[in-house]
Protein chains: 2
Amino acid sequence: MARVSREEKQRTHAAIVATAARLFREHGLAGVGVADVMSAAGLTHGGFYRHFASKDALIAAAFAQAVEEATAALAAADGAAARQAALLRYVDVYLSREHVDRPSTGCPLAALGGEARHAAPETADAAAAGMDRAIARVARCLPAGQARLTKARCLMSLLVGAITIARLSRDATDREAILAAAREDALRIVAP
Amino acid sequence: MARVSREEKQRTHAAIVATAARLFREHGLAGVGVADVMSAAGLTHGGFYRHFASKDALIAAAFAQAVEEATAALAAADGAAARQAALLRYVDVYLSREHVDRPSTGCPLAALGGEARHAAPETADAAAAGMDRAIARVARCLPAGQARLTKARCLMSLLVGAITIARLSRDATDREAILAAAREDALRIVAP
DNA sequence: GATTTAAGATGATATTCATCATCTTTTTAT
DNA sequence: ATAAAAAGATGATGAATATCATCTTAAATC
């Protein structure tokens with residue numbers, strides 16, 4: 001192909017990031033190459049560096065994008081009741097079998113949080129910022145008070161850990177039990 | 001060098017596993033090569049396949065070994081009081097700044113749990129078995145009762161998630177706050 | 001409309017790394 | 001003691017892959 005318009009380039013850029021966000025969450029940072037992302041986005045590898053300075057820059061963008069999407073509903077909720085409802089739904093979706101089975105569209109902290117620290121500083125920074133953002137958005141949906149942030153930190157830890165552990169299990173019944181246990185505990189934090 | 005005795009080979013084998021367990025936890029599964037492990041163990045890469053059929057086989061062995069070590073104190077505790085004390089200490093060490101700062105000697109679930117699922121089935125199996133074992137050993141140190149396993153699953157989720165998140169943070173104060181929040185929540189489970 | 005610019009394609013390059021082949025030397029087996 | 005086996009060393013090999021160079025063609029700019 002050849003040169004495309006500015007708008008088209010923006011679309012391409014967004015497609016690369018979206019594809020990367022999906023693939024990285026599914027196969028891990030080391031499990032996906034630049035060429036994999038590009039071809040999954042319907043492009044060839046060569047054009048990549050017109051969009052990103054490095055694979056790490058792509059990872060950083062993909063991570064941020066994934067956090068944004070995964071927590072958008074929390075940020076959109078308006079009013080105390082809507083916020084609590086959004087958080088309850090967030091926990092419910094988070095601790096679902098679907099989330100365990102499909103990392104590609106799930107929380108990037110659970111999917112990539114462990115490996116992010118091995119990436120370039122640029123990527124680690126993006127991961128840190130994403131984590132902060134996720135916790136802040138969870139905190140925003142908790143009842144106001146000084147324990148808000150503390151509760152959000154606990155809740156996020158519980159959620160990330162539960163999915164990490166559930167994904168390790170090879171037994172469907174165990175996976176379900178892990179989710180159920182975490183759900184119960186999470187509700188104690190969210191709806192006391 | 002040349003051929004060594006059976007005992008010497010066993011020592012070499014153990015050294016390779018121990019070195020791998022340390023390096024993998026520190027740099028991730030993809031961040032450490034077979035040659036890295038061997039040279040860190042004071043050997044050359046060539047002899048590796050006298051000990052393991054593949055890198056994945058090494059990862060599986062290293063993971064199992066790391067779980068064993070990380071939970072040995074829990075398994076060794078004898079008597080109700082000793083078990084509770086061992087668990088309290090386990091939580092305390094787990095949620096410490098040192099654990100955040102030094103993945104190389106810490107919990108392999110927190111360090112590698114996220115990437116283990118991208119490895120060969122052999123490795124994923126070892127990770128699953130290690131996870132089961134860790135949870136069982138935690139459960140064993142909780143007060144008897146049918147909620148034992150449920151509590152152990154919650155606690156392990158909280159611990160793994162808290163370390164994962166704390167390691168992502170670039171801010172020492174935040175890291176400390178995450179640990180403190182998780183500690184408080186963990187104690188609620190362990191010492192109700 | 002002519003000129004310049006750059007998006008994306010095609011095709012290197014260079015490096016990393018898992019695995020294999022072979023050699024040496026010492027242990028084990030006979 | 002002699003022969004066979006194998007642990008570990010040295011040195012390929014082949015595949016994967018991040019990045020760069022160059023080409024083509026259409027969009028921007030004049």
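Proteins get letters first, then strands, A, B, ... in listed order; numbering begins at 1 in each.
- Residues of residues 16-28 of chain B having a heavy atom closer than 4.0 Å to DNA chain C: none are found.
- Comparing B:His13 and A:Leu29 by the nucleotide of DNA chain D whose heavy atom lies nearest to each, the residue mapping closer to the 5' end is B:His13.
- Of the two residues contacting DNA chain C, namely B:Gly31 and A:Met38, the nearest-nucleotide position lying further toward the 5' end is that of A:Met38.
- Taking every heavy atom of residues 118-125 of chain B and every atom of DNA chain C, no pair lies under 4.0 Å.
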What does the list of N/O pairs under 3.5 Å between the protein and nucleotides 27-30 of chain D look like, with a distance for each?
{"from": "D:dA27", "atom 1": "N3", "to": "A:Arg3", "atom 2": "NH1", "distance (Å)": "3.4"}
{"from": "D:dA28", "atom 1": "OP1", "to": "A:Arg6", "atom 2": "N", "distance (Å)": "2.9"}
{"from": "D:dA28", "atom 1": "O3'", "to": "A:Arg6", "atom 2": "NH2", "distance (Å)": "3.2"}
{"from": "D:dT29", "atom 1": "OP1", "to": "A:Arg6", "atom 2": "NH2", "distance (Å)": "3.2"}
{"from": "D:dT29", "atom 1": "OP2", "to": "A:Arg6", "atom 2": "NH2", "distance (Å)": "3.3"}

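- Nearest-nucleotide mapping onto DNA chain C: of A:Thr44 and B:Gly46, the residue sitting toward the 5' end is A:Thr44.
- Listed by residue number, the members of residues 48-64 of chain A with any heavy atom below 4.0 angstrom from DNA chain C are A:Arg50, A:His51.
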Next on the checklist: Test side chain to side chain contact (heavy atoms under 4.5 Å, CB included) on B:His51 and B:Lys9; report intermediate values, then the result.
Outcome noted: CA-CA 9 Å; B:His51 290 275; B:Lys9 183 184 183 183; 3.4 Å; yes
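- At distances below 3.5 Å, not a single donor-acceptor pair connects side-chain atoms of B:Arg89 with backbone N or O atoms of B:Ala73.
- Heavy-atom neighbours of A:Arg102 CZ from other residues, nucleotides or ligands within 6.0 Å: at or below the threshold of 12.
- Note: CD (B:Gln10) to P (C:dT27) measures 16 Å, nearest angstrom.
- Remark: side-chain polar atoms of A:Asp56 are not paired, donor with acceptor, to backbone N or O of A:Thr123 under 3.5 angstrom.
- In the hydrophobic cluster analysis, where Ile, Leu, Val, Met, Phe, Trp and Tyr join through side-chain heavy atoms closer than 4.5 angstrom, B:Leu109 is grouped together with B:Ile163.
- Between A:Arg153 and B:Asp174, at least one side-chain N (NZ, or NE/NH1/NH2) sits under 4.0 Å from a carboxylate O, which counts as a salt bridge.
- Connection of A:Leu187 to A:Ile189 is established within a shared hydrophobic cluster, with ILVMFWY side chains joined at heavy-atom distances below 4.5 Å, either directly or through further cluster members.
- Backbone-only contact: A:Gly33 has heavy atoms under 4.0 Å from sugar-phosphate atoms and none from a base.
- Distance, B:Asp36 CG to C:dC17 P: 6 Å, rounded to whole Å.
- The pair A:Arg188-A:Asp185 meets the salt-bridge criterion, since a charged nitrogen lies less than 4.0 angstrom from a carboxylate oxygen.
- Identified under the ring pair (Phe, Tyr, Trp, His ring centres under 6.0 Å) test for residues 98-120 of chain B, with sequence neighbours left out: B:Tyr94-B:His99.
- Relative to the side chain of A:His45, the nucleotides D:dT19, C:dA18, C:dA7 differ in distance, and D:dT19 lies closest.
- The number of heavy atoms from other shown groups lying within 6.0 Å of CD (B:Glu8) is above 12.
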Next on the checklist: Go through it in stages, so that I can follow the logic: the residues are A:Leu23 and A:Ser104, the test is side chain to side chain contact (heavy atoms under 4.5 Å, CB included), and I'd like the CA-CA distance, side-chain angles, deciding distance and then a yes or no.
Outcome noted: CA-CA 6 Å; A:Leu23 291 181; A:Ser104 60; over 6 Å; no
Checklist entry - Can you list the steps and then say if B:Thr19 with B:Met38 is a side chain to side chain contact (heavy atoms under 4.5 Å, CB included)? => result CA-CA 8 Å; B:Thr19 304; B:Met38 292 300 277; over 6 Å; no
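- Listed by first then second residue, pairs satisfying salt bridge (charged side-chain N to carboxylate O under 4.0 Å, His left out) with a partner in residues 119-138 of chain B read B:Glu68-B:Arg133, B:Glu68-B:Arg137, not counting sequence neighbours.
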